[in-house]
Amino acid sequence: MDKHRAMPMEKIGSTLFVLMIAFLAFVAGAMAVFGRVFPSEFLRDAYRAGEALVLQRQIIENPVLANLYQPARTPARGVTIYDPKRAAPGYTLYTSGDDNVARLIAMDGHVVHEWRRPFSDVVKNGAFGRKPQPDSLVYMDRAVVFPNGDLLVIYISSADTPWGYGMVKLDKDSNVIWSYLAPVHHDLAVAPDNRIYTLSNEFDFNPVGAAPQLDRPHLKDFVVVLSPDGKEIRKVSLTDAFLRSPYFSLMAILPYFALADPLHPNTVEYVDADKAKNFPFAEQGDVLVSFRDMSLIAVLSMKTGEITWATRGPWLGQHDPRILPNGDILLFDNLGGIRHGNNSRVIEYDPRTSSVKWSYAGSAEHPFSSALRSDVQRLGNGNTLITESDGGRIFEVTPAGDIVWEFVNPLRRGLQNELIPIVNGGERIDPAMFEPAFRKTLEEVQLSHRDKAVTASTP
């Protein structure tokens, strides 16, 4: 054979050989990853790290790519429904995915006060263990306001893990009183003695004998107790408590994406004497916690560090379970609705009889769907305040399901203002809770808004 004609065949053979080796390497890598054998963890972690780095850079360049913005359903902004005869009066405190700010609004939707402090300013007041994301990717999550106008708030960042940035106490003028810069996230509760209960996590690189399927590293979760001045008093491992409990076998049903974050706790509620009175599954001083990906609600004894009770019910991916005075549990059922356009619902659940006593599930006219976040509050008049995070709105419904107040986040982003920032949390506050000096300030701002509105409407 002519050697000049043989050369192309040799090149083709070499190319095929290289491609075959590459294909076999790909197959071997895939088998290692999916079979979870050596070196699967190294290959998986390298892939995840690269993927996360690319996504992080994209989000830094364009923050609307984070899940803090969703398509706006309507062009409506501010208060769209208000029935003063049936709505519970007061102010509404809410936080949003758009900024490092918490806002207090009147029933007409006007902002009467806000707390604004960039996280980059907070870091200057204390140590932080890692480089934080830019302020454009940091936002205030759950917040609690005190009678004098002080605010306790959790800072969260998008595109970072562990993604909690810390808890900060601000005065009414947004000055930092103290900061606890640890990966706290999702929720906080202030006990009657002013101790603060919150959730925290950290990476655990060790294998878990009781749950070998968990990733390495995975997130290990804690309930943290802080003093009123922000000092850590106690830290109880939720992960260890769960693995010691009769419920640890539920980890076997975790989806693949949850193996790095198996518990994903999203609620911590302090059980005081009043709540324990009609809730037979907890004692005063315990905490109620919610594990999203297992759709599990549990009670953690702060005395023993053990999970003493847990239940699953007709909900999926739930948030914000709260014990009502009658011993029922009110919660946001994120994915339990399973209806087109109305995937979410709010339910009142009786844990003694395992029955749903009340629910709200939206309608064709008022779609109701939030796959992530969201919270609920039972108001003094019997109505329920609902924060629908993905919908960017807070609304109040009667026991019959009538919407008597609705507030839609007025902010928009995107090329055509088509994106609405998610609302992290909302709470209706009785003005009588505030001290006279702070309440007077709010009333003066509200009166000023009314005067301007009258002036603008006068011919």
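No hydrogens, no waters, no symmetry mates; every other heavy atom, side chains included, goes into these values.
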Electrostatic pair R103:D98 at N-O distance under 4.0 angstrom
yes

Under a 3.5 Å cutoff, is there a donor and acceptor pairing between the side chains of T387 and D375?
yes

Quick check: does any side chain N or O of D390 sit under 3.5 Å from a backbone N or O of A371, one acting as donor and the other as acceptor?
yes

Would you confirm whether D320, through its side chain, and V376, through its main-chain N or O, come within 3.5 Å as a donor-acceptor pair?
yes

Using the ring of each side chain (for Trp, its six-membered ring), is F205 parallel, tilted or perpendicular to F203, with breaks at 30° and 60°?
tilted

Charged N to carboxylate O below 4.0 Å: is that the case for R292 and D221?
no

What I want to check is whether the side chains of D215 and H218 have a donor and an acceptor closer together than 3.5 Å.
no

Are V287 and M302 side-chain neighbours, meaning at least one heavy-atom pair lies under 4.5 Å?
yes

Point-to-point distance, once rounded to the nearest 0.5 Å, from OH of Y94 to CD of E114
9.0 Å

Taking I323's backbone N and O only, do any of them form a donor-acceptor pair with E269's side chain (distance below 3.5 Å, no angle check)?
yes

Does the side chain of P207 come within less than 4.5 Å of R216's, by heavy atoms?
yes

Distance under 6.0 Å and angle within 45° of the ring axis: does R378 meet both against W358?
yes

Begin with the C-alpha distance, continue with both residues' side-chain angles, and end with the deciding distance and a verdict on side chain to side chain contact (heavy atoms under 4.5 Å, CB included) for H186 and H264.
CA-CA 10 Å; H186 272 99; H264 197 96; 3.5 Å; yes

Checking L170, L93, L152 against V145 for side chain to side chain contact (heavy atoms under 4.5 Å, CB included), the one that qualifies is L93

Is it the case that T398 and N383 place a side-chain donor and acceptor less than 3.5 Å from each other?
no

Distance alone, cut at 3.5 Å: any donor-acceptor contact between the side chains of T239 and S237?
no

Does S370 reach the main-chain N or O of S374 with its side chain, forming a donor-acceptor pair under 3.5 Å?
no

With distance as the sole test, does S301 use its side chain to make a donor-acceptor pair with the main-chain N or O of T308 at under 3.5 Å?
no

Less than 6.0 Å separating the ring centroids of F242 and F291?
yes

Under 4.5 Å between any side-chain heavy atoms of R345 and P314, yes or no?
yes

Any carboxylate oxygen within less than 4.0 angstrom of a Lys/Arg side-chain nitrogen, looking at D150 and K172?
no

State whether the side chain of D293 and the backbone N or O of L263 hold a donor-acceptor pair below 3.5 Å, judged by distance alone.
no

Crowding at CZ, R195 (>12 non-hydrogen neighbours, <6.0 Å):
no

Side chain proximity check, R117 to Y155, heavy atoms < 4.5 angstrom:
yes

Taking the side chain as everything from C-beta on, heavy atoms only, tell me whether I420 gets closer than 4.5 Å to V408.
yes

Tell me if the centroids of the rings in W309 and Y247 come within less than 6.0 Å of each other.
no

Check the pair T311, L296 against side chain to side chain contact (heavy atoms under 4.5 Å, CB included), reporting the backbone distance first and the verdict last.
CA-CA 6 Å; T311 188; L296 188 74; 5.8 Å; no

Straight-line distance of L238 CG to L199 CG, nearest 0.5 Å:
7.0 Å

Expected output: side-chain S174 to main-chain R116 donor-acceptor under 3.5 Å:
yes

Between D229 and K169, does at least one N-O distance fall below 4.0 Å, as a salt bridge requires?
no

Within the 3.5 Å criterion, strictly below it, is a donor on S295 or R312 matched to an acceptor on the partner's side chain?
no

Nearest 0.5 Å please: distance from the CG atom of L288 over to the CD1 atom of I329.
5.5 Å

Distance-only polar pair, side chains of E406 and T80, donor-acceptor under 3.5 Å:
yes

Is there a donor-acceptor contact under 3.5 Å linking the side chains of D173 and N175?
no

Are L104 and L442 close enough, and set up right, to give a side chain to side chain contact (heavy atoms under 4.5 Å, CB included), and what steps lead you there?
CA-CA 9 Å; L104 191 68; L442 302 179; 3.7 Å; yes

When K357 is tested against each of L324, D350, I347 for side chain to side chain contact (heavy atoms under 4.5 Å, CB included), which residue passes?
D350

For F119 together with Y139, are the ring centres under 6.0 Å from each other?
no

L379 and T384: CA distance, side-chain angles, deciding distance, side chain to side chain contact (heavy atoms under 4.5 Å, CB included) verdict:
CA-CA 6 Å; L379 302 175; T384 302; over 6 Å; no

Is the H185 to Y165 ring centre distance short of 6.0 Å?
no

Aromatic ring pairing H113/F438, orientation class (parallel under 30°, perpendicular over 60°, tilted between):
perpendicular

Flag the pair F368 / F395 as yes when their ring centroid distance falls below 6.0 Å, and as no otherwise.
yes

Does the side chain of S344 come under 3.5 Å of the side chain of N334 through a donor N or O and an acceptor N or O?
no

Of all heavy-atom pairs linking L214 and P262, the shortest is CD2-CB, 3.8 Å

Using a distance-only test with no angle check, is there a side-chain donor-acceptor pair under 3.5 angstrom linking R373 and N67?
yes

Indicate yes or no: at least one non-hydrogen side-chain atom of K277 is less than 4.5 angstrom from one of F279.
no

Checking side-chain polar atoms at under 3.5 Å, does Q318 have a donor or acceptor matched by the opposite partner on S290?
yes

Keeping N342 on the side-chain end and S369 on the backbone end, is there a donor-acceptor pair under 3.5 Å?
no

If you round to the nearest 0.5 Å, how far is CG of L385 from CZ of R428?
5.0 Å

Can you check whether P321 reaches T267 side chain to side chain, under 4.5 Å on heavy atoms?
yes

Give a yes or no on whether a salt bridge exists between K235 and E202, defined as a side-chain N under 4.0 angstrom from a carboxylate O.
yes

In sequence, state the C-alpha distance, the side-chain angles, and the governing distance for D135 and S120, and then conclude on side-chain hydrogen bond (donor to acceptor under 3.5 Å, both in side chains).
CA-CA 7 Å; D135 285 332; S120 57; 2.6 Å; yes

Is the distance between the ring centroids of Y349 and W315 under 6.0 Å?
yes

Measuring from atom NE2 of H366 to atom CD1 of I403, what distance do you get when rounded to the nearest 0.5 angstrom?
4.5 Å

If we only count heavy atoms from C-beta on, is the N381 to E396 side-chain gap below 4.5 Å?
yes

Rounded to the nearest 0.5 angstrom, the CG-CG distance for N326 and N278 is 7.0 Å

Side-chain (R73) to main-chain (P367) donor-acceptor, under 3.5 angstrom
yes

For P410, is there any backbone N or O sitting under 3.5 Å from a side-chain donor or acceptor partner on R77?
yes

